[in-house]
Amino acid sequence: MPFPCIKIQQEDFDLTTEINNLRKGHKKIGAVVAFVGTVRDLNEGDDIAVLELEHYPNMTEKALEDIRLKAHDRWNLQTSLIIHRIGKMQPCEQIVLVAVTSRHREEAFHAAHFIMDYLKTNAPFWKKETFANGDTHWVDARMSDKDAEQKWLSR
Amino acid sequence: MPFPCIKIQQEDFDLTTEINNLRKGHKKIGAVVAFVGTVRDLNEGDDIAVLELEHYPNMTEKALEDIRLKAHDRWNLQTSLIIHRIGKMQPCEQIVLVAVTSRHREEAFHAAHFIMDYLKTNAPFWKKETFANGDTHWVDARMSDKDAEQKWLSR
Amino acid sequence: MLNILYFASLKEALGQAEETISATEFSTVENLINTLSERGEQWAGALLHNTNLQIAVNHDIASRDTPLSSGDEIAFFPPVTGG
Amino acid sequence: MLNILYFASLKEALGQAEETISATEFSTVENLINTLSERGEQWAGALLHNTNLQIAVNHDIASRDTPLSSGDEIAFFPPVTGG
């Protein structure tokens, strides 16, 4: 593929542009599934002012590429793309994009879901919230994310 | 919701614009799943020159709204949108958009998949292909689409 | 009075998109199909003997035993292929 | 020589993002954790007694019994929360 399939960046992304690039030149694509994760402005009832994303440079790219290739091994896909933002973000901003293309919809739905579930538990990103009153705290990992990953093992 | 959740239209749609509208004013959204169906240029090995979408006006809107509400009954969603184009389209053009927002990703993935599976078997649209040599034929329904719908009954 | 619509390959096979039938003696869709199918082989093949026939009455998916009333809109069409 | 990285809450708790250890007597991650944890309670709590501790060796997820060689990059961090 002539464009990077993994992007770690501070700047926001444009959905139409990214999906058009992902589809370009691939005439067998019939289905595109895109997941966008956004910053909720409420977590456990407190107003979030800023969300900061820390990551582990170099390992992040490797972990995401491993997940992406696992998805391509498991399903018959055309192309795929993972964009994850780092740094500071405001409520309602886009954090992550996972986009997958395939001939038929079943594969793209499963693969995009799979990539997100594995990203959540295997890619070295950490979220830190700053509340309106200035307090900060590191977001706790959710047990349900580990469960979501485990489910793919028995499918 | 202040914008129509079902759109039947000849003109193409812009993904970024539609998703931004769908998210606007909903601060609890953490997940967006968008499915885009596109015109493959090959079907059963023949080059497709034009795809024409016929539909049943009035019933189409009702059928799609029924499916959309079924998804909202079944999962805890924030907002959802179905756009389906009608008329003539070229290979690689976008045909359909199903977009769903929710707090967490699980619901949005399932609901978008569910809506597409039901749309495929319950919304009155018919595809007619015209090949490069001028031959036309009505696309056959796929048995796998009926199977995909049935799977939701036992989940 | 019944309003009848035909779509896609069915419309082409029957050479007709829409018609109004003034008679009101049709108690069910089955009944209407039987009468329409008397018009000839083309009609019987498209309706009576068509195991893939899809039916809607007043914009809701219906079946052969759905009851009909005057003013109803009945649509006949092949399996849908949108999306 | 080993290069050691700390991330997120662990980095804050230990007041350190990165360090290089010149000794080479560490046969496994477990071994390294034991030595670092001798620095005090803060370290023992963050590493030795931390049941949620995540470990990577040379950018791959590792465990306490992963063997170490000179030149390795070892990272310690809490469970990930991206996406």
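Quantities reported herein were computed from a predicted structural model and do not represent experimental measurements. In what follows, chains are A, B, ... by sequence order, proteins preceding strands, each numbered from 1.
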Is the shortest side-chain heavy-atom distance between [X] and [Y] below 4.5 Å?
{"X": "B/K27", "Y": "A/C92", "answer": "yes"}
{"X": "B/V33", "Y": "A/V33", "answer": "yes"}
{"X": "B/R23", "Y": "A/Q94", "answer": "yes"}

Inset, instruction - Decide, yes or no, whether a salt bridge links B/R105 with A/D145 under the criterion of side-chain N to carboxylate O below 4.0 Å. - result: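 A/D145 and B/R105: salt-bridged.
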Inset, instruction - Measure centre to centre between the rings of A/F109 and B/F109, then say whether the value is under 6.0 Å. - result: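 Judged by ring-centre distance (under 6.0 Å), A/F109 and B/F109 do not meet the cut-off.
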Legend entry - Ring center gap for B/H113 and A/H113 short of 6.0 angstrom: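 Not close enough - the centres of the two rings lie 6.0 Å or further apart.
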Legend entry - Atom group of B/A112 that falls short of 4.5 Å from chain A, counting heavy atoms: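 Backbone plus side chain of B/A112, per the 4.5 Å heavy-atom cut-off to chain A.
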Inset, instruction - Take atom NZ of A/K88 as the centre, draw a 6.0 Å sphere, and report whether it contains more than 12 heavy atoms from other residues, nucleotides or ligands. - result: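 It does not: A/K88 NZ has 12 such atoms or fewer within range.
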Is [X] in contact with chain B via its backbone, its side chain, both, or neither, using a 4.5 Å heavy-atom distance?
{"X": "A/A34", "answer": "both"}
{"X": "A/A108", "answer": "neither"}
{"X": "A/K151", "answer": "side chain"}

Inset, instruction - Go through B/D14, B/T16, B/L15, B/N20 and name the one with the most non-hydrogen pairs under 4.5 angstrom from chain A. - result: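 Heavy-atom pair counts peak at B/T16.
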Inset, instruction - Return the minimal non-hydrogen interatomic distance between B/R40 and A/R103, and the atom names on each side. - result: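 Smallest heavy-atom distance, with atoms named: NH1-O, 2.6 Å.
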Inset, instruction - Using a cut-off of under 4.5 Å on heavy-atom pairs, state which of A/H104, A/H110, A/M116 scores highest against chain B. - result: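 Answer, by heavy-atom pair count under 4.5 Å with chain B: A/H104.
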Inset, instruction - Keeping the roles fixed (side chain from B/T38, backbone from A/I29), state whether a donor-acceptor pair exists under 3.5 Å. - result: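 It does hold such a pair.
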